[in-house]
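Structure first, commentary second.
Being a predicted model, the structure only gives us computed values, none of them experimental. Read the numbers this way: they start at 1 and go in the same order the structure lists the ligands and their atoms.
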Amino acid sequence: MTLQLGDIAPDFEAQTTEGTLRFHDWLGTSWGVLFSHPKDFTPVCTTELAEVARLKPEFDKRDVKVIGLSVDPLADHRAWAGDIAETQGHALNFPLIADSERRIAGLYGMIHPNASDTLTVRSVFVVGPDKKLKLTITYPASTGRNFAEILRAIDSLQLTAKHSVATPVNWQHGEDVIIAPSLSDAEAAKRFPAGWKTLKPYLRLVAQPR
Ligand code: BEZ
């Protein structure tokens with residue numbers, strides 16, 4: 001069955017480039033991003049893994065642990081890691097799961113047989129501290145992901161988990177947000193005493209809560 005938002009992210013034990021781990025224990029109380037790669041020694045994946053390594057301090061700042069997955073053995077991951085560092089200038093600094101039996105890929109529905117029987121699609125699962133799925137994204141093998149967008153979405157997820165707000169189109173951290181439509185004006189006045197701008201009764205903009 002397809003995993004849906006709000007479901008518990010399936011737990012698993014995995015061999016990774018940083019040793020064997022159990023997913024939920026490894027996450028601890030942090031947020032997590034699990035993302036799949038179709039195959040080792042492929043060009044788009046090489047650029048993506050290096051980009052996540054470059055952005056690792058941004059994930060750390062948000063208390064988000066990142067973990068990649070590719071359906072190849074650990075020895076291949078280790079050899080590929082050398083290529084990634086050599087060609088991209090950023091070495092792997094997070095675990096990459098060796099899922100050569102496609103056990104975890106199956107658990108998360110990362111194989112889409114009508115796209116490919118053997119390679120995973122480019123899945124992204126954002127997991128909250130409660131281990132529930134907060135966001136999923138699926139890209140085809142031929143399209144590299146935008147990890148700045150994933151960080152932007154995490155900023156929104158973390159903000160809206162704490163405050164009764166939603167974030168508008170193209171929102172970036174620090175910009176005005178939308179008061180949740182479920183909040184009455186009377187309730188909003190208590191939470192946002194500095195006030196807000198009403199464009200329509202259902203569209204009320206307020207400074208981003210800190
Ligand atoms: C890539 O990562 O470059 C790739 C992988 C599978 C199919 C197409 C491209």
Counting distance only, does the side-chain N/O of Y202 pair as donor-acceptor with the main-chain N or O of P181 below 3.5 Å?
-> no

Distance-only, no hydrogens or angles: does the S36 side chain make a donor-acceptor pair with backbone N or O of M110 under 3.5 Å?
-> no

Are F125 and Y108 close enough that their ring centres sit under 6.0 Å apart?
-> yes

Side-chain H-bond candidate by donor/acceptor type, S100 with D72, under 3.5 Å | no

From the list V124, L34, L5, V126, side-chain contact (heavy atoms from CB on, under 4.5 Å) partner of T136 resolves to L5

Could you tell me whether the side chain of Q88 reaches within less than 4.5 Å of the side chain of L49, counting heavy atoms only?
-> no

Report all protein residues having a heavy-atom distance below 4.0 Å to some atom of ligand 1; order the list by chain, then number.
-> P38, T42, P43, V44, C45, R122, A141

